Amino acid sequence: MDILVVLESKNGSLHRMSREAIVGAQSIAAENGLSISALAIGIDTDQIASSVSGMNLDEVLVANHNLLSTYSADGFAECVKQVIEKENPSLVFVGHTYQTRDYFPKVSARIDKPFIPDVVSLMKEGDFFVFTKTVYNGKLGSKVVSNDSECTLISFQAAAFSEENIESGSASTRSFDIELESSQVRTSSEAPIQEEVSGIDLSSADLIVSVGRGIEKENNLQIVKDLASAINGELASSRPVVDAGWLPSSHQVGSSGQSVSPNLYIALGISGAIQHVVGMKGSKNIIAINKDADAPIFEIADYGVVGNILEIVPKLTEAING
Amino acid sequence: MKIGVLIKQVPGAESALPINDNETGIQEDQASFLMNESDSYALEEAQKIIESRGNGEVVAISLGPDRVQKIIREALAKGADRGIHLQTDAKGLADPLTLAKQFAKALESEQFDLIFSGLQSDDSGMGQTGIILGELLNMSTASLVVGTELSENTLKVKRELEAGWSQWVTLTLPASISIQSGLNQPRYPSLKGIMGAKKKELKILSESEFYIDGKKQSIQKVFVPKTNKKTEMIEGEPDTIVARLVDVLKNEVKVL
Ligand SMILES: Cc1cc2nc3c(=O)[nH]c(=O)nc-3n(C[C@H](O)[C@H](O)[C@H](O)COP(=O)(O)OP(=O)(O)OC[C@H]3O[C@@H](n4cnc5c(N)ncnc54)[C@H](O)[C@@H]3O)c2cc1C
């Protein structure tokens with residue numbers, strides 16, 4: 001086995017980022033003569049295995065065990081470890097999801113192999129794969145190499161590959177026996193809960209004025225609220241504004257908040273970290289105002305202003321209100 | 001109850017990040033360093049737990065060159081009981097597996113009941129060190145923690161999931177958890193705290209006491225990301241900018 005893609009179930013279907021990881025594997029497999037296997041672990045394995053059976057993969061492994069029927073970091077890490085030790089893949093791919101953030105570092109520790117997380121692209125240079133990863137909260141990029149010749153774990157950032165590019169084919173299924181005892185699973189989890197269902201729904205908003213830490217003080221929020229009402233838009237924010245308690249969490253846009261795709265998204269004092277951008281990059285038009293010309297938000301903005309929001313926003317509101 | 005908190009000193013959000021001559025990292029002498037954001041939430045959570053129990057100890061731990069003593073002192077000023085500095089002059093961004101092994105070697109004898117860390121650092125963003133350390137010290141682990149409830153033999157944590165969901169998970173002790181921002185409001189050091197910090201113990205471990213050889217992954221090159229998106233940068237005096245923005249809203253995005 002050359003590449004192992006570990007699949008994740010999300011509410012009974014294959015996680016979008018698992019599909020993207022398969023595309024990542026397919027993008028290098030053919031030209032380098034590498035085989036691809038996928039692994040479905042414990043949860044909804046029938047649905048997960050059948051959802052990939054029509055893809056261009058060499059094999060789908062299914063690992064069922066009563067201790068794997070709900071997620072635990074210990075159980076899942078042990079499972080992936082056993083598969084790697086038996087099958088010897090040289091690359092193990094997953095999506096950079098909340099679940100793999102939780103248990104892939106444990107796999108890395110248990111097999112003593114490197115885990116390069118949050119990768120956005122990969123390339124072969126000579127005999128080695130080089131992985132591109134953002135650093136400094138997206139302000140710089142980096143090229144990372146593994147120094148382990150046997151096995152490297154890789155997680156891909158959301159949208160590193162487009163799931164539309166998935167190659168179809170057919171894959172056979174094989175079940176894989178896991179040895180696991182209850183004493184090896186040191187955690188127990190309750191059912192997932194969703195907070196603040198009663199908050200505002202930004203997903204259908206057409207105009208969004210969104211504010212980040214650049215607003216500096218809670219008192220300054222009024223200028224952003226005034227702009228939002230001047231254009232009849234909804235008020236949203238980045239995470240630090242919610243963390244500080246200045247706005248309720250239902251206003252948060254991003255990977256741990258809401259995903260939005262308005263006609264217009266105005267980003268005020270928001271740096272453009274990936275966890276924010278994944279929630280708003282589907283916006284049709286993006287205007288960003290930020291005092292730092294190098295802020296990553298300008299990479300995705302249609303219109304950019306390098307300037308002070310405390311100065312420009314009140315003036316803009318005034319001009320609109322005429 | 002003894003809680004070790006891993007804190008890292010990283011370039012602050014406002015720091016300049018000039019790339020060094022061999023393009024392997026940044027020019028550290030040009031950067032302004034702060035305590036990593038999620039680490040300050042980890043520290044606050046540890047202090048709150050010890051304060052509500054009325055006994056126990058919070059130990060602030062940082063690895064790096066001498067400059068990192070600044071954030072250990074800051075933690076002591078905020079109320080941590082003592083500090084440990086793993087002193088190294090190693091340059092650049094380290095690999096988490098080797099780093100965690102070094103922490104494990106240095107900290108094993110401390111026998112922490114709990115180890116807290118921030119969920120990822122704002123420089124390399126690996127998001128692994130605290131979890132791997134827990135694994136190496138045979139602790140149970142959880143990442144992305146946004147709430148804690150400690151009882152005698154277990155720690156219940158609320159883990160953040162995608163898109164506004166979360167889940168309570170019960171861990172056996174000892175446990176190592178990584179903390180997400182927002183679960184508390186980190187305090188500022190008081191004047192009294194700053195004065196008192198000077199008298200607190202700050203143990204310095206020299207590299208020979210924790211060094212583990214190896215580098216499982218390396219950064220070959222850092223670079224400024226290029227964008228292929230066409231962005232119209234609106235320039236000029238504030239009034240000129242505002243006039244163009246109104247024009248965009250009216251005639252291009254057509255929302256006015
Ligand atoms: C697992 C995980 C999940 C996360 N989920 C989310 C999420 O759902 N949503 C989210 O937003 N973040 C999320 N984050 C956090 C994310 O990584 C960033 O830390 C966050 O988005 C930064 O918010 P910000 O841009 O407001 O603040 P900063 O990054 O601090 O940026 C502030 C910006 O304001 C600018 N500025 C300052 N003053 C002014 C001024 N006067 N005028 C103009 N500009 C000014 C600065 O130049 C800077 O660019 C998550 C992180 C993790 C690890």
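Quick note: numbers below take in every heavy atom, side chains included, and nothing from hydrogens, waters or symmetry partners. Every value quoted in this text rests on a predicted model; they were computed, and no experiment measured them.
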Non-neighbouring partners of A:Y71 that pass ring-ring contact (aromatic ring centres under 6.0 Å, His included), sequence neighbours left out: A:F76, A:Y103
List the steps and the verdict of side-chain contact (heavy atoms from CB on, under 4.5 Å) for B:T170 and A:T187. CA-CA 5 Å; B:T170 304; A:T187 58; over 6 Å; no
Any idea which heavy atoms bring A:E190 and B:Q167 closest together, and the distance? O-NE2, 2.8 Å
Would you mind checking which part of A:D148 comes under 4.5 Å of any heavy atom in chain B, side chain (CB onward), backbone (N, CA, C, O), both or neither? both
If you measure from the Lys or Arg side-chain nitrogens to the Asp or Glu carboxylate oxygens, is any gap between B:E14 and A:K291 under 4.0 Å? yes
Under a 4.5 Å cut-off applied to non-hydrogen side-chain atoms, are A:R110 and B:I132 in contact? no
Examine distances only and state if a side-chain atom of A:K143 and a backbone atom of B:F223 form a donor-acceptor pair shorter than 3.5 Å. no
Decide, yes or no, whether a salt bridge links B:E160 with A:R239 under the criterion of side-chain N to carboxylate O below 4.0 Å. yes
Any side-chain heavy-atom pair of B:E252 and A:Y303 under 4.5 Å: yes
Indicate the atoms forming the closest heavy-atom contact of B:S124 with A:K133, along with that distance. O-NZ, 2.5 Å
Taking side chain as C-beta onward, heavy atoms only, is A:V305 less than 4.5 Å from B:L245? yes
Considering only heavy atoms from C-beta outward, does the side chain of B:Q128 approach that of A:P117 to under 4.5 Å? yes
Test your reading of the model: is there a side-chain donor-acceptor pair from A:D102 to the backbone of B:A142, 3.5 Å cut-off? no
Flag the pair B:P96 / A:F115 as yes when at least one side-chain heavy-atom distance between them is below 4.5 Å, and no otherwise. no
Considering non-hydrogen atoms only, spot the tightest contact between B:L97 and A:K113 and give its length. CD2-O, 3.6 Å
Check each atom of B:D122 against the heavy atoms of chain A and say whether the ones under 4.5 Å are side chain, backbone, both or neither. both
Indicate the atoms forming the closest heavy-atom contact of A:N147 with B:K215, along with that distance. ND2-O, 2.7 Å
Do any of residues 315-322 of chain A have a heavy atom less than 4.5 Å from a heavy atom of chain B, and if so, which, in residue order? A:K315, A:L316, A:A319, A:I320
Step by step, work out the side-chain contact (heavy atoms from CB on, under 4.5 Å) result for A:R186 and B:L171. CA-CA 6 Å; A:R186 293 164 290 187; B:L171 290 84; over 6 Å; no
Given B:V253, B:V222, B:L155, B:V255, the one with more heavy-atom pairs under 4.5 angstrom with chain A than any other is B:V253
Give, as side chain, backbone, both or neither, the part of A:V130 having an atom under 4.5 angstrom from any heavy atom of chain B. side chain
For B:T231 and A:F298, indicate whether the former's side chain and the latter's backbone hold a donor-acceptor pair under 3.5 Å. yes
What heavy-atom pair brings B:G127 and A:P105 nearest, and what distance separates the two atoms? O-CG, 4.1 Å
A:I289 side chain near B:I241 side chain, heavy-atom distance below 4.5 Å: no
Pairs of heavy atoms under 4.5 Å with chain A: top-ranked of B:D123, B:I131, B:T98: B:D123
For B:I234, is it the side chain, the backbone, both or neither that has a heavy atom under 4.5 Å from a heavy atom of chain A? both
Are side-chain N/O atoms of A:R101 and B:Q120 paired as donor and acceptor at under 3.5 Å? yes
Distance-only donor-acceptor check, side chains A:S142 and B:K221, under 3.5 Å: no
Could you walk me through whether A:D302 and B:K230 satisfy the salt bridge (Lys or Arg N to Asp or Glu O under 4.0 Å) test, starting with their C-alpha distance in whole Å, then the side-chain angles of each, then the deciding distance to 0.1 Å, before giving a yes or no? CA-CA 7 Å; A:D302 300 278; B:K230 274 238 179 344; over 6 Å; no
Proximal component of B:Q217, with respect to chain A [non-hydrogen, under 4.5 Å]: both
A:E299 vs B:K226, side-chain contact (heavy atoms from CB on, under 4.5 Å): CA-CA, chis, key distance, verdict: CA-CA 8 Å; A:E299 290 166 30; B:K226 279 201 286 287; over 6 Å; no
For A:Q275, is it the side chain, the backbone, both or neither that has a heavy atom under 4.5 Å from a heavy atom of chain B? side chain
N/O donor-acceptor pair under 3.5 Å between B:R159 side chain and A:Q99 backbone: no
Heavy-atom proximity to chain B below 4.5 Å, by part of A:D118: neither
Check whether B:E162 reaches the backbone of A:S256 with its side chain - one donor and one acceptor, N or O, closer than 3.5 Å. no
Tell me the closest heavy-atom pair linking A:P192 and B:L161, and the distance in Å. CB-CD1, 3.9 Å
Give, as side chain, backbone, both or neither, the part of A:D112 having an atom under 4.5 angstrom from any heavy atom of chain B. both
